[in-house]
Asks: 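One structure, as structure tokens, below. Some questions next.
Numbering starts at 1 and runs along the sequence shown.
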Amino acid sequence: MNPGQIIIKEIDSRISRLNKHYSDQKDTDGNPFGEVLAAESKIINTALANELRSLKEFVETNIGS
């Protein structure tokens, strides 16, 4: 396995874990602060997943898969 494939495999694994975490039910107990934290978590998760997809595209383009 070449370095590009190793990096891409790791990025895919991290994206998969983020997707799993995104769909986890957050228990907020109706607490408004908890609701805000749950929403913030989803926003950060989405941004991070998008960055990882961008990094994967960069690796595929410049290192190869």
Side-chain angles (χ1 to χ4, degrees):
M1 192 178 294
N2 70 40
Q5 290 171 321
I6 294 168
I7 294 167
I8 289 168
K9 182 178 177 185
E10 180 60 24
I11 291 170
D12 284 339
S13 171
R14 292 177 187 214
I15 291 171
S16 176
R17 289 190 304 252
L18 278 171
N19 288 339
K20 182 181 179 302
H21 179 69
Y22 184 87
S23 61
D24 285 348
Q25 185 66 28
K26 310 290 188 278
D27 186 17
T28 62
D29 294 329
N31 178 344
F33 186 67
E35 297 284 337
V36 169
L37 289 177
E40 184 179 63
S41 173
K42 287 192 174 206
I43 291 168
I44 292 170
N45 182 301
T46 300
L48 184 53
N50 288 338
E51 286 298 316
L52 286 172
R53 286 185 197 95
S54 176
L55 179 60
K56 178 181 175 181
E57 183 179 309
F58 175 83
V59 171
E60 288 173 335
T61 301
N62 294 289
I63 298 176
S65 53

Asks: Tell me whether I44 is reachable from L37 by hopping between hydrophobic residues (I, L, V, M, F, W, Y) whose side-chain heavy atoms are closer than 4.5 Å.
Replies: no
Asks: Kindly compute the distance separating CG (L48) from CD (E51), expressed to the nearest 0.5 Å.
Replies: 8.0 Å
Asks: Where is the tightest heavy-atom contact between N45 and L18, given as atom of each residue plus distance?
Replies: ND2-O, 2.9 Å
Asks: To the nearest 0.5 Å, what is the distance between CD1 on I11 and CD on E60?
Replies: 8.0 Å
Asks: Any chance you could measure R17, atom CZ, to R14, atom CZ, to the nearest 0.5 Å?
Replies: 6.0 Å
Asks: If I compare all heavy atoms of S41 with all of H21, which pair ends up nearest, and what's the gap?
Replies: OG-NE2, 3.6 Å
Asks: Taking atom CD of E57 as the centre, does the number of heavy atoms from other residues, nucleotides or ligands within less than 6.0 Å exceed 12?
Replies: no
Asks: Is there a path of hydrophobic side-chain contacts, each under 4.5 Å between heavy atoms, that joins I8 and I63?
Replies: yes
Asks: Give, for atom OG of S16 and atom CG of L52, the distance between the pair rounded to the nearest 0.5 Å.
Replies: 11.5 Å
Asks: Nearest heavy-atom pair of N50 and R53: which atoms, and what distance?
Replies: OD1-NH1, 3.0 Å
Asks: Could you check whether any side-chain heavy atom of V59 comes within less than 4.5 Å of a side-chain heavy atom of K56, counting everything from C-beta outward?
Replies: no
Asks: Answer yes or no: is there a donor N or O on one side and an acceptor on the other, between the side chain of E10 and the main chain of I7, under 3.5 Å?
Replies: no
